[in-house]
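These numbers come from a predicted model, not from an experiment.
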Amino acid sequence: MTQPDPSIRQPDPGIVLYDTMQRQKVPFVPQVPGRVGMYLCGPTVYSDAHLGHAKKEVAFDVIRRTLMHFGYQVRYVTNVTDVGHLQNDADEGEDKLQARARLEQLEPMEVADKYFWSFVSDMDALNVLKPSINPRATGHIPEQIELIQELIARGHAYESDGSVYFDVRSWPEYGKLSGRRLDEQEEGTREAVREEKRDPRDFALWKRAEPGHLMRWESPWSVGFPGWHIECSAMSLKYLGEGFDIHGGGLDLEFPHHEAEIAQAEAAGHPFARYWLHNNMLTINGEKMSKSKGNFTTLKDLFAVHDPMVIRFLLVSSHYRSITEFSDAAFESARSGYRRLTDALNEVERRLPTAPEKDGPALREKIAGHVLAFEDALRDDFNTPRAVAALFNLTTDVNAALNAGEVGRRALEAARDAYRTLGGDVLGLFAESQAERQDDSQVMNALMDLVLQARQHYRLNKQYAQADELRGTLAAVGVTVEDTKEGPRWRR
């Protein structure tokens, strides 16, 4: 999907989005007309990606694609956490990268590279566009140290025994994103950690490295490593600038991670994200995914069973702010629905080369209406379920026209373009390349010509049982043979 030309001023598409900070739908107005700066909290690369990663990445990929569809040039930045994310998501425990490195007997950076490229491979399979910029935490230690120094200078952070903590009581706005008042927030820290802090709710900006800790850098305070939250504040400001447009992430990151990001940036004097978008979680057979419940699955394991495009279709069939249910029934429904769309698209493309040169204005008018309904759905807080419904309504009208007889080239082109633009470019479906589609179509057409010739040979020689058996075999794999005045015709 190509970026629009930024020199061409696009009209305001009228997008409305749900801003977590304001807790309501609001009109989206970018800081710079025609351009959008967007930051997404990326993976901590210590294990293979799972369904939760797919939910988040596909949700924000569709949001990015939608903005591009409406003419915005989007700079999309998503980070890679390869240091500082401790095992309990707070200020204690072992670094997740180091724990995995010890388990696999690798260097921490070997672990980071191994699972980063594994993540990239999984996202490619789901047809998630690559970020404009994909910065790593370990590659931005100086920027994080600089931001920490700014916070200390302004009185919002303090050094304690080689570690540095953010002083939450110095920043009364802490909690404004999640709506949590400071006195309601759980302490959740051990006594040994509390002794370093002025307040148990203070969070680490820099941690002194204990002996044996493999990931360590020089700093003004100690040899250590950055806290988990500081990387996103530093890198989003570096690559998107102050007051950038959209910050996204999973609902589980709203507190404390995103709350901490806001406090770090704004307390240092840097206006931060103007809109906050959060995707909801997922359930498997009605339960939250958990290793302890035995329903945890990696994407690689899932790809061995399900077509990645069916998984993506299931994800976009649910609104990004809704819980997505994964179950055998949900997958079967998604498989059936996606096949209905691909069958219609394949039939349109199969008929195009030999379509008669006629207009078909009635069908084109219906197609235009479905395109408008699709775009209106995405203008309304990226409502993908309504957008998918518009594609099904398009399919109903296209199939009716195809079944009624010959359809003109212009109408078929309009249908093809609608599927490819809306379902392909915006929702990210139909991921196979144009060359692959052409090769597959040519092979399929050649094979089917041979099959129909064989069937015709059986019929001419009154071998009707063999002809019927051939037709039945085709029907069993989803290919229908129709006998018309012009000769036999097949469709998927």
**OP:** Run the salt-bridge test on Arg351 and Glu347 with the 4.0 Å N-O cut-off and return the result as yes or no.
**Re:** yes

Subject >> Test ring pair (Phe, Tyr, Trp, His ring centres under 6.0 Å) applied to Phe313 - qualifying residues, sequence neighbours left out >> reply: Tyr338

**OP:** Could you check Thr395 against Tyr419 for side-chain hydrogen bond (donor to acceptor under 3.5 Å, both in side chains), going step by step and ending with a plain yes or no?
**Re:** CA-CA 9 Å; Thr395 300; Tyr419 281 114; 2.8 Å; yes

Subject >> Leu51 versus Leu302, closest heavy-atom pair with distance >> reply: CD2-CD2, 3.2 Å

Original post:
Is there a side-chain contact between Leu126 and Met123 (heavy atoms, below 4.5 Å)?
Top reply: yes

Original post:
Nearest heavy-atom pair of Ala334 and Leu314: which atoms, and what distance?
Top reply: CB-CB, 3.8 Å

**OP:** Output, in order, the C-alpha distance, side-chain angles, deciding distance and verdict of side-chain hydrogen bond (donor to acceptor under 3.5 Å, both in side chains) for Asp397 and His370.
**Re:** CA-CA 10 Å; Asp397 284 337; His370 297 311; 2.7 Å; yes

**OP:** Using modelled atom types only, decide if a donor and an acceptor are shared between the side chain of Arg416 and the backbone of Ala411 within a distance under 3.5 Å.
**Re:** no

Subject >> side-chain hydrogen bond (donor to acceptor under 3.5 Å, both in side chains) partners of Asn461, counting only residues at least two apart >> reply: His457

**OP:** Using the test ring pair (Phe, Tyr, Trp, His ring centres under 6.0 Å), find all partners of Phe244 that sit at least two apart in sequence or belong to another chain.
**Re:** Phe272

Subject >> Any donor-acceptor pair under 3.5 Å from Ser318 side chain to Leu315 backbone >> reply: no

Original post:
Distance-only, no hydrogens or angles: does the Asp245 side chain make a donor-acceptor pair with backbone N or O of Met38 under 3.5 Å?
Top reply: no

**OP:** Check the angle between the aromatic planes of Trp276 and His278 and answer parallel, tilted or perpendicular using the 30° and 60° thresholds.
**Re:** parallel

Original post:
Do Glu266 and Lys176 have side-chain heavy atoms sitting under 4.5 Å apart?
Top reply: yes

Subject >> Result of checking Asp381, Asn280, Asn279 against Tyr320 for side chain to side chain donor-acceptor pair (under 3.5 Å) >> reply: Asp381

**OP:** Compare every heavy atom of Arg350 with every heavy atom of Pro353, then report the nearest pair and how far apart it is.
**Re:** CD-O, 3.3 Å

**OP:** Quick one: list whatever passes ring pair (Phe, Tyr, Trp, His ring centres under 6.0 Å) with His257, sequence neighbours left out.
**Re:** Trp228, His229

**OP:** Return the set of residues passing side-chain hydrogen bond (donor to acceptor under 3.5 Å, both in side chains) with Arg335 (not counting sequence neighbours), or none when no residue passes.
**Re:** His306, Glu332

Subject >> Enclosure of Glu365 CD (heavy-atom neighbours >12, cutoff 6.0 Å) >> reply: no

**OP:** Work out which heavy atom in Leu394 is nearest to a heavy atom in Ala418; give both atom names and the distance.
**Re:** CD2-CB, 4.0 Å

Original post:
Just by modelled atom types, is the Met21 backbone N or O under 3.5 Å from a matching donor or acceptor in the Arg23 side chain?
Top reply: yes

Original post:
CD/Glu110 to CD/Glu104 distance, rounded to the nearest 0.5 angstrom?
Top reply: 9.5 Å

**OP:** Evaluate whether atom CD of Glu242 has more than 12 neighbouring non-hydrogen atoms of other residues, nucleotides or ligands under 6.0 angstrom away.
**Re:** yes

Original post:
Can you name the side chain to side chain contact (heavy atoms under 4.5 Å, CB included) partners of Arg136, sequence neighbours left out?
Top reply: Val80, Asp82, Ala112, Asp113, Phe116, Thr138

Original post:
Mind checking whether Lys56 and Leu40 have side chains closer than 4.5 Å, heavy atoms only?
Top reply: yes

**OP:** Identify the two heavy atoms, one from Ser118 and one from Asp48, that lie closest to each other, and give their separation to 0.1 Å.
**Re:** OG-OD1, 2.7 Å

**OP:** Output all residues satisfying side chain to side chain contact (heavy atoms under 4.5 Å, CB included) with Pro385, sequence neighbours left out; order by chain, then residue number.
**Re:** His319, Asn383

Subject >> Qualifying residue, where the test is side chain to side chain donor-acceptor pair (under 3.5 Å) with Ser178 and the options are Glu254, His258, Glu259 >> reply: Glu259

**OP:** Say whether, by atom type as modelled, one donor and one acceptor occur between the side chain of Arg379 and the main chain of Pro13 under 3.5 angstrom.
**Re:** yes

Original post:
Which atom names give the shortest non-hydrogen contact between Leu391 and Leu341, and what distance separates them?
Top reply: O-CD2, 3.9 Å

**OP:** Report the distance from atom OH of Tyr76 to atom CZ of Arg65, rounding to the nearest 0.5 Å.
**Re:** 10.5 Å

Original post:
Hey, is the main chain of Arg75 close enough, under 3.5 Å, to the side chain of Ser132 for a donor-acceptor pair?
Top reply: no

Subject >> Over 12 non-hydrogen atoms of neighbours within 6.0 angstrom of CD in Glu469 >> reply: no

Original post:
Residues in side-chain hydrogen bond (donor to acceptor under 3.5 Å, both in side chains) with Arg340, at least two apart?
Top reply: Thr396

Original post:
Does some side-chain heavy atom of Leu67 sit less than 4.5 Å from a side-chain heavy atom of Ile15?
Top reply: yes

Subject >> Straight-line distance of Asp124 CG to Lys130 NZ, nearest 0.5 Å >> reply: 3.5 Å

Subject >> CG-CG distance between Asp417 and Leu412, expressed to the nearest 0.5 angstrom >> reply: 10.5 Å

Original post:
Going from CD1 on Ile246 to CZ on Arg274, what distance comes out if it is rounded to the nearest 0.5 angstrom?
Top reply: 9.0 Å

Original post:
Any donor-acceptor pair under 3.5 Å linking the side chain of Asn79 with the backbone of Pro135?
Top reply: no

**OP:** List for me each residue that meets ring pair (Phe, Tyr, Trp, His ring centres under 6.0 Å) alongside Tyr39, sequence neighbours excluded, and say none if there are none.
**Re:** His247

Subject >> Minimum side-chain heavy-atom gap Thr78-Phe60 below 4.5 Å >> reply: no

Original post:
Would you find a donor on one side and an acceptor on the other, under 3.5 Å apart, between the side chain of Asp61 and the backbone of Val128?
Top reply: no

Subject >> Charged N-O contact under 4.0 Å between Glu349 and Arg420 >> reply: yes

**OP:** Only counting residues at least two apart or in another chain, list the ones meeting side chain to side chain contact (heavy atoms under 4.5 Å, CB included) with Glu143.
**Re:** His140, Ala234, Lys238

Original post:
Do side-chain atoms of Tyr115 reach the backbone of Thr44 as a donor and acceptor pair under 3.5 angstrom?
Top reply: no

Original post:
Taking only residues two or more places apart in sequence or in another chain, which ones pass side chain to side chain contact (heavy atoms under 4.5 Å, CB included) with Asp252?
Top reply: Met281

**OP:** May I have the step-by-step check of side chain to side chain contact (heavy atoms under 4.5 Å, CB included) for Ile311 and Phe331, ending in yes or no?
**Re:** CA-CA 8 Å; Ile311 297 171; Phe331 275 117; 3.9 Å; yes

Original post:
Got a sec, which residues hit side-chain hydrogen bond (donor to acceptor under 3.5 Å, both in side chains) with Asp359, two or more places apart in sequence or on another chain?
Top reply: Arg364

**OP:** Enter the distance from Met235:CE to Glu261:CD here, rounded to the nearest 0.5 Å.
**Re:** 9.0 Å

**OP:** Side-chain contact test, heavy atoms from C-beta onward, threshold under 4.5 Å: evaluate it for Val45 versus Thr81 and give yes or no.
**Re:** no

Subject >> salt_bridge(Asp376, Arg386) N-O dist < 4.0 Å >> reply: no

Original post:
Quick check: does any side chain N or O of Lys55 sit under 3.5 Å from a backbone N or O of Gly250, one acting as donor and the other as acceptor?
Top reply: no

